[in-house]
**Q** 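Right, I'll just put the structure down here and ask away after.
This is a predicted model, so every value here is computed, not measured. Hydrogens, waters and symmetry mates are skipped; everything else that's a heavy atom, side chains included, is used.
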Amino acid sequence: MSRLQVVSGKGGTGKTTVAAALALALATEGKRTLLVEVEGRQGIAQLFETEALPYEERKIAVAPGGGEVYALAIDAELALLDYLQMFYRLGGAGRALRKLGAIDFATTIAPGVRDVLLTGKACEAVRRKDKRGRYAYDYVVMDAPPTGRITRFLNVNDEVAGLAKIGPIHNQAQAVMRVLKSAETSVHLVTLLEEMPVQETLDGIAELRAAGLPVGRILVNMVRPTLLDGPVPDGVKRTEIARELSRAGLGGARKGGLAEQLVEPLLAQAAEYAERIALEQEQRAELAEPGLPVHELEFLSEGIDLAGLYRLATTLRRQGVS
């Protein structure tokens, strides 16, 4: 497995949830995982039912087998202060620049630089080692921007090429790209079995590949269980269905009773269900086209809480994602 796992997906597909479950899955058996947020939404804190994440690495969960999950919400302004201190030794001066609004100006007026700072912080965590020469984290999982922006976000070297052709920013961008375009990185895309998310996923895969960025897996989220083997046969007898409903205690057996009244609505729902299953099968076929591993995560009707995250993490482990 690559040490930097980037998770993207169309809005509404649950990419933050999947990123959190992946971090838990990777942290099992004594591993250490850092879960990184770059959009400032504090989605990770909400999922793990903890207070808002500061700009520091904090342990938020223990995985099965004693592993640990740490989390970090990267702030572009604070990352720039770190950068100024690291390359220019401008700790105090950098704080003064922040008070004057220069830091906010720099991260807003030059979005390419902002992305270098955000991705650079994650890549630094990937490369960081302790005094014994061991990696600080076995894996870093990034909850990245949506699919429509992921290629531009990760392709930071091209973004800053027109801003800085030499110097520390240029060198930093190149160092980041060496990680992002290497075997150390995998970009996973989260989707639903619906036409628009699937199409955006396929477009995202094509864009990532064109940019030379390593695409990992397709993670299909919120998959509903299959309840029927196929569509209801056209020749099915209404009276037989009414009889079975009566046997199940849904209305009496008399003609015109509740059981007979339920037959048509039940058949209509079955037809709608069969149509949805057929459409989902079409989307599965579409997702198979890029030739990437495809994994499915079940829909949790009770909603996502800590127990749900651990359940999804177990599913990912069973499917060989970690």
Side-chain angles (χ1 to χ4, degrees), residues 2-11 15-16 19 34-44 53 55 57 71-88 94 97-98 101-128 140-182 184-190 200 203-205 207-216:
S2 301
R3 296 190 58 251
L4 176 58
Q5 307 276 318
V6 180
V7 180
S8 181
K10 178 178 170 57
K15 69 176 180 66
T16 299
L34 176 65
L35 179 57
V36 175
E37 182 179 89
V38 297
E39 295 186 280
R41 296 185 295 107
Q42 291 292 339
I44 293 172
L53 297 174
Y55 181 61
E57 293 156 25
L72 169 66
I74 303 178
D75 180 273
E77 291 186 34
L78 295 176
L80 181 53
L81 290 176
D82 279 353
Y83 179 84
L84 292 174
Q85 173 62 20
M86 185 181 303
F87 289 102
Y88 297 101
L97 288 172
R98 187 185 187 192
I103 300 298
D104 179 63
F105 175 79
T107 56
T108 302
I109 201 68
V113 172
R114 181 180 184 277
D115 291 347
V116 168
L117 295 168
L118 295 173
T119 54
K121 187 67 177 177
C123 290
E124 181 275 326
V126 171
R127 297 190 299 258
R128 190 192 312 156
V140 175
V141 178
M142 180 193 292
D143 178 21
T147 315
R149 295 195 290 116
I150 188 62
T151 301
R152 184 174 181 180
F153 174 76
L154 294 177
N155 205 23
V156 293
N157 196 41
D158 288 347
E159 287 298 303
V160 302
L163 298 171
K165 299 185 181 299
I166 59 174
I169 293 179
H170 174 79
N171 295 337
Q172 172 75 350
Q174 287 192 321
V176 168
M177 291 311 301
R178 280 194 292 271
V179 174
L180 294 179
K181 290 193 174 184
S182 73
E184 285 189 287
T185 300
S186 289
V187 184
H188 309 303
L189 298 180
V190 181
E200 188 163 316
D203 292 342
I205 291 170
E207 291 177 3
L208 288 165
R209 284 175 167 173
L213 292 162
V215 187

**Q** To the nearest 0.5 Å, what is the distance between CG on Leu213 and CD1 on Ile205?
**A**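 If we round to the nearest 0.5 Å, Leu213:CG and Ile205:CD1 are 13.0 Å apart.
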**Q** Pick one: which of Glu184, Arg3, Glu124 meets side chain to side chain contact (heavy atoms under 4.5 Å, CB included) with Val179?
**A**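 Running side chain to side chain contact (heavy atoms under 4.5 Å, CB included) over Glu184, Arg3, Glu124 with Val179 returns exactly one hit, Glu184.
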**Q** OG of Ser8 to CD of Glu200: how many Å apart, nearest 0.5 Å?
**A**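 Ser8 atom OG to Glu200 atom CD measures 8.0 Å (nearest 0.5 Å).
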**Q** Out of curiosity, Cys123 SG to Met177 CE, how far, rounded to the nearest 0.5 Å?
**A**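 Reported value, rounded in 0.5 Å steps: 9.0 Å.
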**Q** Looking only at heavy atoms, what is the nearest atom pair of Pro145 and Val38, with distance?
**A**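 Looking at all heavy atoms of both residues, the shortest contact is CD-CG2, 3.9 Å.
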**Q** For the pair Thr147 (side chain) and Lys10 (backbone), establish whether a donor and an acceptor sit closer than 3.5 Å, ignoring hydrogens and angles.
**A**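 Side chain of Thr147 to backbone of Lys10: a pair is present.
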**Q** Determine whether a donor-acceptor pair (N or O, by modelled atom type, separation under 3.5 Å) exists between the side chain of Gln42 and the backbone of Leu53.
**A**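 Yes, because the side chain of Gln42 sits within donor-acceptor range (under 3.5 Å) of the backbone of Leu53.
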**Q** Which atoms form the tightest heavy-atom contact between Ile44 and Val36, and what is the distance?
**A**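 For Ile44 versus Val36, the nearest heavy atoms are CD1-C, 4.1 Å.
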**Q** In Å, rounded to the nearest 0.5 Å, how long is the span from CG of Leu180 to CE of Met142?
**A**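 Result: 7.0 Å between the selected atoms.
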**Q** Working to the nearest 0.5 Å, report the span between CD of Glu39 and CZ of Arg149.
**A**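 Rounded to the nearest 0.5 Å, the CD-CZ separation comes to 5.5 Å.
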**Q** When you look at Glu207 and Val215, which way does the side-chain contact (heavy atoms from CB on, under 4.5 Å) test go after all the steps?
**A** CA-CA 10 Å; Glu207 291 177 3; Val215 187; over 6 Å; no
**Q** Apply side-chain contact (heavy atoms from CB on, under 4.5 Å) to Leu154 and Thr185, showing your working.
**A** CA-CA 11 Å; Leu154 294 177; Thr185 300; over 6 Å; no
**Q** Measuring from Thr16:OG1 to Glu37:CD, what's the distance to the nearest 0.5 Å?
**A**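 Taking OG1 in Thr16 and CD in Glu37, the distance rounds to 6.5 Å.
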**Q** Specify the closest pair of heavy atoms between Thr151 and Ala211, including all atoms of both residues, with the distance to one decimal.
**A**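 Here Thr151 and Ala211 meet closest at CG2-CB, 3.8 Å.
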**Q** If you define the side chain from C-beta out and look only at heavy atoms, does anything of Val141 sit under 4.5 Å from Asp143?
**A**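 Result no, sub-4.5 Å side-chain heavy-atom pair not found.
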**Q** At their closest point, which heavy atom of Ser2 faces which heavy atom of Ser186, and how far apart are they?
**A**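 The pair with the smallest heavy-atom distance is OG-OG, 2.9 Å.
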**Q** State, to 0.1 Å, how close Gly204 and Leu189 come at their nearest heavy-atom pair, and which atoms those are.
**A**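 Heavy atoms only, the tightest pair is C-CD1, 4.2 Å.
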